[in-house]
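Notes for the one structure printed next.
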Amino acid sequence: MENYSLYDNYTLEDLIKAKTKLNSSSKPERLDYLNKLIAIKQRAKRSSQIETPTAHASTKTETNKQTVESSNTYVDAPKHQPVKAKSPVIFHGKTGEYYSIWIVNILLSIVTLGIYSAWAKVRTQRYFHANTEVDGHRFSYLADPIQILKGRIIALVLFVGFYLASSMSAVIGILLAVTYIFAVPWLLCKSLKFNMQMIGYRNIRFNFHGKYMHALLVFMVYPILSVFTLYLALPLVLKTIDKFICDHISYGDKKFQSNLNAATYYKASFGAVLIGVVMFVAAIIFSGIEMATLANMQQQPTTALFPIILMATYLAVFIISGAFYTKVVRNHLYNNTQIEGIASFNSNVSLPSLIWLNLSNLIVLICTLGLALPWVKIRSTNFFCQVTEVGVLPGINAVIADNSTGVNAIGDEISEVFDFDIALG
Amino acid sequence: MSIIQISGQFYQGNSSDFQTAIALFNCNGLIEISSDSQNDLIISAEIAQVKISDKLANTPRQVIFNDGCLFSFVATDEIELWLNIHGKKSLIDKLEQNKKLAFTAFILVPTLLIAVFKFAIPAIAINFASIIPQSAIKHSSEHSLSTLDKTVLSASKLSTQVRESYQQTWKSKIDIHFTSANNYKILFRKSVYFGANAFALPDGTIVVTDDLIKLFDKHPEALFAILLHEIGHVEQQHSMRYIAESVATAIVVNYLFGDVSGMIDLFVGSGATIISNKFSQKLEWEADNFAIEALKQQGASTESFAQAMELLLSTTDETALEQLFSTHPLLKERANNARK
């Protein structure tokens, strides 16, 4: 990527002028960058016109007074529903920087026999959070590596013990499987609580308040029951899971509220399945024709071709169906979630661009044997930030810290080593 | 050194309110924050009394005061120097900023990873297998067999006579050559799932399927070669080694590349499967070579082993691509190995 820092000090008018002068055919990248800058400045201008506190790098100096004034005004009259200011989510991460962090993380993790991996996790998380900016403020990641290391040691002992015990005796195996079912919801709650509490924004932490019994219903009972409906109720279960997670997140003393629609989950799930079925049928017909043609041409019919086609189809379905589900659900989830009076969210993922992102990521990872992982991570984060907007409301200045901290990393680490981590959207 | 001044954002400890502020870093180690509009002092503290976030690429630095207040700013070189002088050196950042190291690591890390997977993990697995007590191995084998009997195996349809004659021939042959603690026991089972196959449990139980007996009906020498391969698995403690290798691979992959999602997750997952298959294939080669050596020692021809592989090959198809996702090496190559 070229360096366009020369535009940094331009005003909106300068940028528009520069854009008209630019030969768009010879420098398409530069044009893209200009458009992005103009969009950011226009948003900033709009938001400053309605006196909402924004502190983009460009307007930082002049917003200070406004912030103080406007926050006072709105705290006095909170019922006044103000106009929303859409703020882009800006990601500042760079592949080169992250590559160095990543490679040093792996190197030190190997050399220290895994002990450094706890520090590696914190540095990685810090890098991604601290480089994400909304409304002029960066996120922060606040976990203590020692805490994570303790969690990791306990999780490892459990993991190895679990694996060995269940291969030694049938009774222990069954007993552990049952424990697992009851433990997973508890672990997921602990894991979400830990991860949320470690994220800060404007020096206020997030939190998660989901309770065990509720989680047991949502993560275990409902999915098991949905089997008896021949999975027809599964989209409903997926919606309930997302809603459970969303509605129990809080930012300081303010709760997230979601208003999710089961129909959208049906559309996303059935759409994804339908795409998969159509593609598999097409692949089977295609390979049937292929084999028939080869047989007609008096060549040896090779059955070897079939597994290759099947594998390619499987990958394509994974990418396309997966992208379809993510697009529909993520957009719906963000567009229908808010923190009342504080923030609303907006997601605008487009299907072709998400398919392209996933496909090209996979190809690049395979071709570089995984060495392009930092590039892929930065690029993906950039993609999802760019399609996300946060509507910041003036109440953002008056969120009070929720001091009920004090969760350890054990639940999160166990979830991680057993690989049942959960994420939204 | 004079006082250094920088602007940034000041956050209260208990609410999301903030203001832009100016920080002064004094040469005696005092940090003073004042509001940038009125120049009123908000808070001040000695460097020893505050927490300062470690340097991490170009992310903003945070000064966290005792009462939870936070000052966030983008550090300049001057401030980095000031922090260094006052004991806030970041060794890790030094490593991360080192271009030579980043470049060397590009070669070094893959080399180290290969060393971990090729040497360290197999060595750990061998040690692990040797410390597992015999009683645990017996217990585990019985458990595995009863699970398989309940799921994919059923009673053999071969006549008792046939079974006994096979068992007797094999027993005499095995007893001559293997006087180890392993008590070999050969069982017959019918299985649609396994097809023509044989497998060994770590306590020396070897299960042979009816289909395999039928397929090798006219080739008793080749069938015995397969049995020797299974004995190789038992003698070299492959089951326990494979368990240890799988668990260790899962842990290493998880902790080095675990915090990923989407496509990367798929890629990392497939990578772990391929590594695990490589381990399995290596153990198969070891068992093959064990069988080939045993044949040579008995003065028998290794051709019987090659023949066995070719007979098995006649029942399936195999492509080079499958090798990546298979737990066994290609039968063609295994036959060639016996003829070397």
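What you see is a predicted model; the values in this text were computed from it and never measured. Throughout, a chain's letter reflects where its sequence line sits, starting with A, and its residues are numbered from 1.
- For the set Tyr116(A), Tyr251(A), Trp102(A), the entry with the most heavy-atom pairs within less than 4.5 Å of chain B is Tyr116(A).
- Using the six-membered ring where Trp is involved, Phe18(B) and His137(A) have ring planes that are perpendicular, over 60° apart on the 30 and 60° scheme.
- Of all heavy-atom pairs between Arg126(A) and Asp54(B), the closest is NH2-O, 2.6 Å.
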Worksheet item: After noting the C-alpha distance and the side-chain angles of Leu108(B) and Ile103(A), does the key distance pass the side-chain contact (heavy atoms from CB on, under 4.5 Å) rule?
Response: CA-CA 10 Å; Leu108(B) 197 60; Ile103(A) 204 97; over 6 Å; no

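- For chain A, no part of Ser141(B) is nearby; none of its heavy atoms comes within less than 4.5 Å.
- Within the 4.5 Å cutoff, the side chain of Leu107(A) has heavy atoms near those of the Leu101(B) side chain.
- Put simply, the side chain of Arg138(A) never gets that close to the backbone of Thr59(B): no donor and acceptor are under 3.5 Å apart.
- For a residue to count as touching a neighbouring chain, one of its non-hydrogen atoms must lie under 4.5 Å from one of that chain's; by this rule Ile64(B) does not touch chain A.
- In this structure, Asn203(A) contributes its side chain and Gly68(B) its backbone to a donor-acceptor pair below 3.5 Å.
- The greatest number of non-hydrogen atom pairs below 4.5 Å with chain B, out of Leu108(A), Val399(A), Ile319(A), is found for Val399(A).
- Heavy-atom pairs under 4.5 Å with chain B were tallied for His129(A), Lys377(A), His92(A); the largest tally goes to Lys377(A).
- With values rounded to the nearest 0.5 angstrom, Ile396(A) atom CD1 is found 11.0 Å from Asp17(B) atom CG.
- For Phe159(A), the part sitting under 4.5 Å from any heavy atom of chain B is the side chain, from C-beta outward, and nothing else.
- Looking only at heavy-atom pairs under 4.5 Å with chain A, the residue among Gly271(B), Ser270(B), Pro60(B) that has the most is Pro60(B).
- The contact between Phe128(B) and chain A is made entirely by side chain atoms (from C-beta outward), counting heavy-atom distances below 4.5 Å.
- Closest heavy-atom contact between Gln9(B) and Gly136(A): NE2-O, 3.2 Å.
- Proximity to chain B involves both the backbone and the side chain of Leu365(A), based on heavy atoms less than 4.5 angstrom apart.
- By the 6.0 Å contact criterion, NZ on Lys88(B) is enclosed, its count of non-hydrogen atoms from other residues, nucleotides or ligands being greater than 12.
- Between Leu142(A) atom CG and Lys51(B) atom NZ the span is 9.0 Å, to the nearest 0.5 Å.
- The CD1 atom of Ile400(A) lies 10.5 Å from the CD atom of Gln12(B); values are rounded to the nearest 0.5 Å.
- Only the side chain of Gln62(B) comes within contact range of chain A, with heavy atoms under 4.5 Å apart.
- Of the inter-residue distances, the one linking Glu413(A) atom CD with Asn254(B) atom CG reads 9.0 Å to the nearest 0.5 angstrom.
- The contact between Asp93(B) and chain A is made by backbone and side chain atoms together, counting heavy-atom distances below 4.5 Å.
- Contact annotation for Thr124(A): only side-chain heavy atoms (C-beta onward) come within less than 4.5 Å of a heavy atom of chain B.
- When side chains are defined from C-beta on, Asn361(A) does not count as touching Ile264(B), because their heavy atoms never get closer than 4.5 Å.
- Ranked by heavy-atom pairs shorter than 4.5 Å toward chain B, the options Trp119(A), Tyr98(A), Phe318(A) are led by Phe318(A).
- With contacts defined as side-chain heavy-atom distances shorter than 4.5 Å, the pair Phe257(B)/Ile106(A) qualifies.
- Looking at Tyr127(A), both its backbone and its side chain come within 4.5 Å of chain B, counting heavy atoms on both sides.
- The two residues Ser16(B) and Ala398(A) make their nearest non-hydrogen contact at OG-N, 3.5 Å.
- Comparing Ile92(B), Leu113(B), Val268(B) by how many heavy-atom pairs each has under 4.5 Å with chain A, the most go to Ile92(B).
- In this structure a side-chain-to-backbone donor-acceptor pair under 3.5 Å is present from Tyr99(A) to Ala102(B).
- Heavy atoms closer than 4.5 Å to chain A are found in the side chain of Ile251(B), but not in its backbone.
- Residue Phe106(B) touches chain A through both its backbone and its side chain, counting heavy-atom pairs closer than 4.5 Å.
- Considering CZ of Phe267(B) and CG of Leu373(A), their distance stands at 7.5 Å, rounded to 0.5 Å.
- Looking only at distances, no side-chain donor or acceptor of Asn358(A) sits under 3.5 Å from a matching main-chain atom of Met263(B).
- Around the CG atom of Asp77(B), the shell of radius 6.0 Å holds no more than 12 heavy atoms that belong to other residues, nucleotides or ligands.
- Top candidate by heavy-atom pairs under 4.5 Å with chain B, chosen from Asn105(A), Leu371(A), Asn131(A), is Leu371(A).
- Contacts of Leu315(A) with chain B are made by side-chain atoms alone, with heavy-atom separations under 4.5 Å and no backbone atom involved.
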Fill in: Trace of the side-chain contact (heavy atoms from CB on, under 4.5 Å) decision for Leu156(A) with Tyr255(B)
CA-CA 11 Å; Leu156(A) 260 187; Tyr255(B) 283 148; 4.0 Å; yes

